[in-house]
Amino acid sequence: MILVKLGGSVITDKSKLRTFRRPACERLARELKVASADLMLVHGAGSFGHIEAKKHSLHKGLRSESQLAHVASVQRDVRELNLKVLEALIDGGIRAVSIPPAAATTFRAAEVNTFDRSMFQKVSDIGLTPVTFGDVVPDESMGFSICSGDLMMAELAKAFRPKTVVFCADVDGVFDRDPKRGRGAKLLPVLDRAGLRSLRRTSAKSADVTGSMHGKLERMLAIAEHCEKCMIVNGNVPGRLERAVSGKEVVSTVVSPG
Ligand code: IP8
């Protein structure tokens, strides 16, 4: 099985509220179609989630009743994005069905408390492709919290031990310094724990309620324990995702537990 996350920065314009990048998503769907194994998919929320979630501090949990209208509208917005992603996937020939995170998962303190793999298993067993996504979810200690698509990637990786895990991002992989802040950054073909420790921490420019790049890489290192290969590829460059899901050599960073 191959587990893929379509990052919010690839399928949406993260700087413009609720802006879907349909052509990019349709191309990625076609690239996924050639996968050499069954797929499970996760997508980020991009500008359908992060901008409003940050504005109303939804990542901090229930602090005032006035947030609840925003919980409802952000949840609606990420469903709207999910429907658009499903459309693109189905048009590309993938038999995608949606499983919202809270249908299979309970949360406490913005972490997964319980995860039930059975819905993903059933859907996959009959030849469909499960698709889950970053969402606003009920939380046992915080009222509600944000479930990043990365949290779902971690649970799916633990439960199903995929052969390959692919994070489809808007960069070629991990660089020795931030490539968006000047020239001369070198792509790291492999990143392990020691490599991560030596990277300088930088903060993302755009609104992101699910943590820093460093935190995301920590999570990827944990995911890498549950699969043969965990990699980051650039979803904005045509053909990279296709090569990754076909098991071919591709420009990427392979995240390795070391
Ligand atoms: O884009 C975030 O999911 P992510 C979910 O996978 C929301 O980090 C609602 C902001």
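Remember, it's 1-based here, ligands and their atoms both numbered in the order they're listed.
Ion pairing between Asp170 and Lys14 fails under the 4.0 Å rule for side-chain N and carboxylate O. Ion pairing of Asp150 with Lys5 is present here, as a side-chain N (NZ or NE/NH1/NH2) and a carboxylate O approach within less than 4.0 Å. Ion pairing between Lys122 and Asp125 fails under the 4.0 Å rule for side-chain N and carboxylate O. Under a 4.0 Å N-O distance rule, the pair Arg117/Glu155 does not qualify as a salt bridge.
Contact analysis puts Lys5 in contact with ligand 1, with a non-hydrogen atom separation below 4.0 angstrom.
Within the listing of ligand 1, atoms 3 (O), 4 (P), 6 (O) sit less than 4.0 angstrom from a heavy atom of Gly149. Within ligand 1, counting atoms from 1 as listed, the ones closer than 4.0 Å to a heavy atom of Val209 are 10 (C). Taking every non-hydrogen atom of Thr210 and a distance limit under 4.0 Å, the qualifying atoms of ligand 1 come out as 2 (C), 8 (O).
Remark: minimum distance from atom 2 (C) of ligand 1 to any protein heavy atom is reached at His50 NE2, 3.5 Å. The shortest contact between atom 3 (O) of ligand 1 and any protein heavy atom is with Gly134 CA, 3.4 Å. Looking only at protein heavy atoms, the nearest one to atom 9 (C) of ligand 1 is Asp135 C, 3.8 Å.
Checked against Glu225 for a salt bridge (charged side-chain N to carboxylate O under 4.0 Å, His left out), the options Arg193, Arg161, Lys158 give a single hit: Arg193. Screening Val174, Val254, Leu188, Leu191 for a side chain to side chain contact (heavy atoms under 4.5 Å, CB included) with Ile232, the sole residue that qualifies is Val174.
Residue Gly44 has no nitrogen or oxygen atom sitting less than 3.5 Å from a nitrogen or oxygen atom of ligand 1, judged on distance alone.
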